[in-house]
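First the structure, in the form of structure tokens, and then the observations on it.
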Amino acid sequence: MIAIGCDHAGCEMKATIIEALSAKGFEFRDMGTNGEPCDYPIIAEAVCKEVLEGGCEKGILICGTGIGMSIAANKIKGIRAALCADSFSTKFTRLHNDTNVMCMGARTLGPGLACELAEIFLTTGFEGGRHQRRVDLITALEEK
Ligand code: RB5
């Protein structure tokens, strides 16, 4: 199960991703918004909560640029969120950073690229090894 959410800027892109990836077998828990103008940190918190406590494997957040969502999500303990805009970074943030939330900009990416990036994010595993030590050091920063 994948938690997904957006602010008013990202509704269309969110619907496109849900439709395209549901057809490939992914399941989504839609945390809103669905048309109503809203403040993106509230949606970021709702999606991240589903990842941390609600049994969702990963989260996808969409706003105009993806930046506000990524700033908000990365304030939450246990979340490693990446702003994704190209396939190389999207692949390597999973391989090396073990990110559990991806953020995308609905006003900066086309729908085809967004769906492709979401699929890369959801299907790429963490490499572990030396990268686990680095992820542990990131986690330790949460206590400083
Ligand atoms: C909303 O207009 C816009 O500020 C928001 O979608 C996002 O881009 C913020 O980072």
Side-chain angles (χ1 to χ4, degrees), residues 1-127 131-132 134-144:
M1 183 64 68
I2 308 300
I4 190 165
C6 63
D7 73 357
H8 44 280
C11 295
E12 209 174 307
M13 179 176 280
K14 183 183 68 176
T16 302
I17 290 171
I18 292 175
E19 191 186 345
L21 272 71
S22 293
K24 295 189 172 195
F26 293 95
E27 288 186 288
F28 291 93
R29 191 172 299 160
D30 185 352
M31 304 307 293
T33 186
N34 282 302
E36 290 303 303
C38 72
D39 297 326
Y40 58 81
I42 291 166
I43 302 291
E45 185 179 11
V47 165
C48 292
K49 199 170 171 204
E50 292 304 312
V51 173
L52 296 171
E53 302 166 14
C56 285
E57 195 189 315
K58 290 191 185 72
I60 298 177
L61 288 167
I62 304 155
C63 64
T65 59
I67 296 173
M69 285 293 197
S70 63
I71 293 171
N74 277 311
K75 296 284 182 196
I76 299 170
K77 207 169 164 175
I79 294 297
R80 289 179 301 283
L83 176 60
C84 296
D86 68 273
S87 57
F88 185 90
S89 307
T90 301
K91 178 179 169 188
F92 276 85
T93 193
R94 284 291 309 127
L95 288 172
H96 289 185
N97 312 129
D98 198 19
T99 36
N100 48 12
V101 171
M102 82 179 305
C103 305
M104 290 188 285
R107 294 173 178 156
T108 59
L109 300 179
L113 179 57
C115 291
E116 187 176 304
L117 297 183
E119 189 171 351
I120 291 169
F121 187 80
L122 297 178
T123 55
T124 306
F126 177 47
E127 227 172 61
H131 301 294
Q132 183 62 60
R134 293 159 186 168
V135 169
D136 291 344
L137 285 165
I138 292 173
T139 303
L141 291 174
E142 293 176 341
E143 306 306 328
K144 291 189 178 175

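Below, each value reflects all heavy atoms present in this structure, side chains not excepted, and no hydrogens, waters or symmetry copies. If you read the sequence from its start, that first residue is 1, and numbering goes on from there. In listed order, ligands and their atoms are each counted from 1. It should be emphasised that the depicted structure is a prediction, and the values quoted were computed from it without experimental measurement.
Among all non-hydrogen protein atoms, the one lying nearest atom 8 (O) of ligand 1 is Thr65 N, 3.0 Å. The single protein non-hydrogen atom nearest to atom 4 (O) of ligand 1 is Tyr40 CE2, 4.5 Å, given as residue, atom name and distance. The protein atom (non-hydrogen) at minimum distance from atom 2 (O) of ligand 1 is Arg107 NH1, 3.4 Å.
On a distance-only criterion, Met69 and ligand 1 share no N/O pair closer than 3.5 Å. An N or O contact shorter than 3.5 Å is missing between Cys63 and ligand 1 by distance. Any N or O atom pair closer than 3.5 Å counts here, and Asp7 shares at least one such pair with ligand 1.
Rounded to the nearest 0.5 Å, atoms CG (Leu109) and CG (Leu117) are 6.5 Å apart. For the atom pair Lys91 NZ and Arg94 CZ, the distance stands at 13.0 Å (nearest 0.5 Å).
Of the candidates Asn74, Thr124, Ile79, Thr93, Thr99 forms a side-chain contact (heavy atoms from CB on, under 4.5 Å) with just one, namely Thr93.
For ligand 1, the atoms sitting less than 4.0 Å from at least one non-hydrogen atom of Gly64 are 5 (C), 6 (O), 7 (C), 8 (O), numbered in the order shown with element in parentheses.
Within the structure, ring pair (Phe, Tyr, Trp, His ring centres under 6.0 Å) contacts touching residues 79-124 (residues at least two apart or in different chains) are Phe88-Phe92, Phe92-His96, His96-His131.
Looking at Arg80 and Glu142, no side-chain N of the basic residue comes within less than 4.0 Å of a carboxylate O on the acidic one, giving no salt bridge.
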